[in-house]
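Single-structure report; data block below.
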Amino acid sequence: METWKMTVWLFVLSIICSINYVSADIENEVEDGSIDNEVLAKVWLAELNTRLIEKNNELAIANWNYETNMTDHNSIIMNTISLELHDWDTEVKKRARKFNTENFSYKIKRMFQLLLQGGELRDDQQVRRYNAITTEMLSIFAQAKVCRDPPSTECLSLEPDLESIMADSRDYDELLWAWKGWRDAVGPPIGELYPQYVELRNIAARNTGHNDESDVWLENYEEEDFEAILDELFEEIKPLYRHLHAYVRRKLQDRYQDRVSATGPIPAHLLGNMWAQQWDNIYDIVRPFPDLESVDITPNMREQDYTVLQMFHIANNFFTSLGLRGMPSSFWKKSMLVKPRDREVICHGSAHDMQKGNDVRIKMCTQIDYDDFYTVHHEMGHCEYYLQYRDQPLVFRAGANHGFHEAVGDTIALSVVTSDYLSKMGLLDGGEFTKNHDIDFLLRQALVKVAFLPFGFMIDKWRWDVFRGITTPENYNSKWWELRTKYQGIEAPVERTAADFDPGAKYHIPSGTPYIRYFVSFLIQFQFHEALCKAKHHEGPIHRCNIYQSKEAGDKLGAMLRMGASRPWQDAMQEITGQRRIDTSAIKSYFEPLFEWLKEQNEGETIGWE
Ligand code: X8Z
Ligand code: ZN
């Protein structure tokens, strides 16, 4: 036989033997870390990949069915499949540990490393309890209503009713009613369950050798001392935040008089948002140049009879204009883009990778306004990432880190909000753009992006210490407000006690979604934007840059997205920006003109809060 044929035969034989070996022997008899045959590892991973796709797809569908129709039936199906997948996953991890990956090639080694990340509950009873608790917390959150006092029988849901009051009402007491009502409705019942959730997550984390769940959450960022790095980054943007805060507080004082102090924290219900996380809804109160054409496009969208579907098509068009992938036909058929009237759903916007074929979907209770115009781009950014890393093995089908996933759509949206783009779309008049227009525009952007930073920072500061046992259940709520005041400079408008559980009023707490990803995203999206603008050869300040239709920018972004998690995020960052670190200089240079302007406006004011 010719040598090459012989080689092929030997290879095929080794694969056949390997498969037997995988199925028959690995599980019980082989010691952990004893298999160092890389061919065998590859075959095992390939087989796993195919089976994992099927299993994950089943769970993704059950999960989708539940979140878009929260019946008991759908929750039982979801939790049954989740239990099955969990058992299967435990077996897979057991086998993965049999390999000694030390001398494997980079890619295979990394696949094992990612496969073995995370915590693991090893007792079916615990898994069942965990599923029951998380489903219950989510269902309390999604189904809660706040009812008006009798004789009115009106009961309001969070989306859109209570969120609209928080955004549009300028009546101190009505705002307080919605703010407190929501917290009374969801806080205490979720707070009852939360300590058990913490306990189970920690058991899972410790089973895999982590100190507690905070370690598991930080593992995603693959960086020593990541917390210390975050602290430094926060210090760097703090001066900008404090100036924005002082300016906004002054304007709120003009509006609400002695109900807002000139030197203290701002009452948390006056900032246009249920969680005071982004403040753009009070743009009308704080606008520097109210006589200029407003950059708030909500009235224009409504005047032009915009539809929800149109908003999604516009976002889709932006991605394809860059030469990136448009949403497949199944997306348009299967997504849930408006709130259904006939059933309970989880309204909080989310993007779903069904893990098979091109099946990606968005679930959103979309309203026709500027905020949701942004969120549509945000969610579609997740779907674009899913589609771009589609050809990677399953373990690499993830963001370079969680912050990268959050930053894709937001990076696009930084172009979408420019007057250049919005006037092209007929959503703004687009006359001459002066320095004052810039300030007016940048202030609105700051209410979205800068106001968010301390919020994005404190949520997991709170949760990490909860997981570490440093913050115990009696102190959950007081610690929450301590951090809210320390970082955001806001305070509860009415007394809070240990019986309240205000963290539970924010979706990501009952849903167990880590939050530091958004803090990371809100910094790196400016780095991405700056890099893509450079690829487009944009000249002038980066807050005016619009990458629409730039294939150069699209190529750069696409190359990074296609990497998925196949390399550490520092490599992906380098691919797009040439840097290997999270860096605040891009966001600072974006807001530079505003920062100078704010400093002038705040002359003689107290900066910070007592
Ligand atoms: O949760 C989201 C997205 C889904 S990943 C709608 N965001 C955070 C939030 O709403 O709290 C986007 C910005 C921050
Ligand atoms: Zn997101």
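Read the numbers this way: they start at 1 and go in the same order the structure lists the ligands and their atoms.
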Over-ring placement of Arg463 relative to Trp217, 6.0 Å and 45° cut-offs: no

Establish, from distance only, whether the side-chain atoms of His352 and Ser350 form a donor-acceptor pair under 3.5 Å. yes

Considering distance alone, does some N or O of Tyr374 sit under 3.5 Å from an N or O of ligand 1? no

Are a donor atom and an acceptor atom from the side chains of Tyr518 and His508 found within less than 3.5 Å of each other? yes

Would one find an N, O or S atom of Glu379, in either backbone or side chain, under 2.8 Å from the Zn ion (ligand 2)? no

Quick one about Tyr370 and Asn281 (side-chain donor to acceptor, distance below 3.5 Å, no hydrogens or angles considered), yes or no? no

Ignoring angles and geometry beyond distance, decide whether Lys506 reaches within less than 3.5 Å of ligand 1 through its nitrogen or oxygen atoms. yes

Applying a 4.0 Å heavy-atom criterion (strictly less than), which segment of Tyr507 is in contact with ligand 1: side chain, backbone, both, or neither? neither

I'd like to know if the Zn ion (ligand 2) has an N/O/S atom from His405 within less than 2.8 Å of it, counting both backbone and side-chain atoms. no

Mark yes or no for whether Trp182, through its side chain, and Val146, through its backbone, hold a donor-acceptor pair below 3.5 Å. no

For the Zn ion (ligand 2), the nearest N/O/S atom on Glu406 is atom OE1

Side chains of Ser521 and Glu406: do they bring a donor and an acceptor to under 3.5 Å? no

Which of the listed options, Phe452, Phe455, Tyr518, Tyr515, holds the heavy atom that is closest to atom 7 (N) of ligand 1? Tyr518

Side chain Thr485, main chain Ile490, donor-acceptor under 3.5 Å: yes

Around atom 10 (O) of ligand 1, find the nearest protein heavy atom and jot down its residue, atom name and distance. His348 CE1, 3.5 Å

With a 4.0 Å cut-off on heavy atoms, is Gln278 touching ligand 1? no

Per-atom contacts of ligand 1 with His382, taking only distances under 4.0 Å to non-hydrogen atoms: 5 (S)

Is Asp296 reaching over with its side chain to a backbone N or O of Thr298, donor-acceptor style, under 3.5 angstrom? yes

Looking at non-hydrogen atoms alone, which of Glu406, Glu379, Gln277 comes nearest to atom 6 (C) of ligand 1? Glu379

